[in-house]
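Report on the structure given below.
First listed ligand is number 1; within each ligand, the first listed atom is number 1.
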Amino acid sequence: MPTKTRNMQNPMHIFWRAAMPDKGKLALAILLACLAALLEVAPFVLIWRLAEEARSGSPETGTILRLTGGVLVAVILRFMAQGGVTVLGHMAGFRAECRLRSDLVERMRHVVPASVEGKSGQLSRAVMDEVGRFNSILAHTVPDAISGLFLSLVCMGLLFWIDGRLFLAALGMLVLGLGAQGRIVRAAPEPFARWVAADGRATSALIHYVRGLATLRAFNRQADSLHEVRDSIFAIGKLASDITRACSKPYSIFNLSMTVPLLMILPCGLWFFTRQTLAVSDLLYATAIGGMMFLPLTKVAMCLPALRTFQAGAAHVQAVRDLPVFAEPPAVKPAGDNTVVFENVSYSVRSATGKDIPVLQGISFTLPAGSITTVSGPSGSGKTTLARLLARLDDVSDGRVTIGGQDIRSIPQQAFQRLVSIVFQDAFLFHGTIRENILLARPEATEDALMHAVEASGCAEMLKRLPLGLDTPVGDKGFGLSGGEKQRIAIARAFLKDSPILILDEATAFLDPVAAKGVSRSLGRLMGGKTVLAISHRLHEIENADVTLILEGGCLKDKGTHEDLLARSAIYQRLWALQKQSSVWRLGG
Ligand SMILES: Nc1ncnc2c1ncn2[C@@H]1O[C@H](COP(=O)(O)OP(=O)(O)OP(=O)(O)O)[C@@H](O)[C@H]1O
Ligand SMILES: [Mg+2]
């Protein structure tokens, strides 16, 4: 059954689609950019008219005043048009960014959770930094490129109108310049993509370094790890200088040919003048226009690096859009009871070399509705993976998992979320108050329901010690609270959600025996009447389970009650003996 879908699109296309609702603003910005370009040459035309007027021998005061006023108005209007371009471009840009970011975040709601694990740095970079380039592309790069091209074309038209021979002479420089620019363009995409990738690696290295700082400090290894960050930063510097070196020669030729078409216009113009085929005012005008004719093209060339970087970044944004998502099943079939069945389930992960590594193989078992089943097995035997498949953090590679006889892949996401709760060993708390963190499970819950969850989870004791109680802010990931306190908040969430199926994965693993005992009591209350799959290293906590599953090497080796297994399962006996040993372990003993 296909459960994951992918979206394949041209990376740049998604940006233009995000900008489309503001196409009117963008079209107006481009029109204004062209108008600003026209207004940039207008003073030259007016000054040329002034020169013609002066050359006529009897200049009229009214005409001179009109022409001079025209120059002033053109300059002021040009600044206004340019301002309009920037304002409209930024407005469209910010709105497009906002649309694209919310689209990406909305997609993340449906992605297969396993596909984004460990990628928070890359994801935030794509959603914030790469998307963030779009605003400047719309407000500056695109209008600059269009107005630059337009201005050059207008100047070329004017020069052609003044004198076709001078136009052809100047065109020689353009051919030379465009040839040089072509070399830069052809050489550029690959280094730019490498540069963006190196930038991404440096960001990840830095995030990694900051996250591990406490551990590195404990082992006095900050300096070693800092090397990795430094190396990645130097790698960016090296790529940037490689790009600069590769482009420097064609770039100099391009700049020269763009800034000095006068090298052709002036000698040719003077020659035509001496042969009396060109008027002096036309020579002056052609010189002025020729001087600025190709200059705007350098503005266009300056846009290329920004476009290249944007293009390379767009591929990262596309990668976020291409993350596999759970396909929403078309029809909602009513689920039966809350019996969970694993039918011949296998699961493998893809290694970095592209090989499939089996983690679980041919697992079959049933969790009868309202029963408590525990999972035991050595570290790495696949216990957490089993829990993750039931919580649908990823889909099985083979076989199926059913709830009430219905394949969990055919249960709509929202309905599935209501059915299953999971408490992990390290509770994840969001930046916000304790109240907000608990209400996450059911935002519409009444104050009574919230207080019941607080009492039942054992949070009440802890809240009494906090002056702000439920309104105490907790930092990212619950910074400022102890492991036991965070775990109680996670249990309060599960109480509030009150889903019929509960998964516990080493919910007390990180706690000291005293805290673990308290949390275990709360969990005991939480389990009442639910279909439970519990993983615990503390075997005494699961002595009362209805059934225990024994996993080893990704296979289901045995199942039975605590007494059964203790009597006949060698693996269980070994685990039990180890557990007994660790409970009497003491310093020096
Ligand atoms: N995404 C993954 N990529 C690579 N290996 C994985 C992945 N997920 C699980 N594994 C591997 O599958 C095996 C089972 O992992 P799992 O976390 O399910 O074990 P566990 O029984 O819960 O172990 P523990 O008792 O230590 O928590 C391990 O060898 C683990 O490294
Ligand atoms: Mg585990």
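- Counting non-hydrogen atoms of neighbouring residues, nucleotides and ligands closer than 6.0 angstrom, the CD atom of E461 reaches no more than 12 such neighbours.
- Checked by distance only, ligand 1 and V349 stay at 3.5 Å or farther apart across all their nitrogen or oxygen atoms.
- Taking a cut-off of 2.8 Å, the protein N, O or S atoms nearer than that to the Mg ion (ligand 2) are T384 OG1.
- Checked by atom type, the side-chain pair S346/S397 shows no donor-acceptor distance below 3.5 Å.
- The existence of a salt bridge linking D564 and K559 is excluded, since no basic side-chain nitrogen approaches an acidic carboxylate oxygen closer than 4.0 Å.
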Candidate pair T446 and D448, rule side chain to side chain donor-acceptor pair (under 3.5 Å), full reasoning: CA-CA 5 Å; T446 61; D448 280 354; 5.4 Å; no
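- If you check each of K383, E117, R388 against atom 21 (O) of ligand 1, the one with the closest non-hydrogen atom is K383.
- One finds a salt bridge joining D103 and R321 here, because a Lys/Arg side-chain nitrogen approaches an Asp/Glu carboxylate oxygen to under 4.0 Å.
- Remark: the D394 side chain and the Y347 side chain contain an N/O donor-acceptor pair separated by less than 3.5 Å.
- R435 and E447 are joined by a salt bridge, as a carboxylate oxygen and a charged side-chain nitrogen come within less than 4.0 angstrom of each other.
- Of the polar atoms of V359, none of the N or O atoms is found under 3.5 Å from an N or O of ligand 1, judged by distance alone.
- Taking only non-hydrogen atoms, the option from G382, S379, G377, P378 nearest to atom 19 (O) of ligand 1 is G382.
- Looking at T384, L389, T385 and measuring to atom 27 (O) of ligand 1, the nearest heavy atom belongs to T384.
- Polar contact with ligand 1: absent for E506 (N/O pair, distance under 3.5 Å).
- Between W576 and Y572, the angle of the ring planes stays under 30°, which puts this pair in the parallel group of the 30/60° scheme.
- Within 6.0 Å of CD in Q414 there are 12 or fewer heavy atoms belonging to other residues, nucleotides or ligands.
- Short contacts between ligand 1 and S381, defined as distances under 4.0 Å to a heavy atom of the residue, involve ligand atoms 19 (O), 21 (O).
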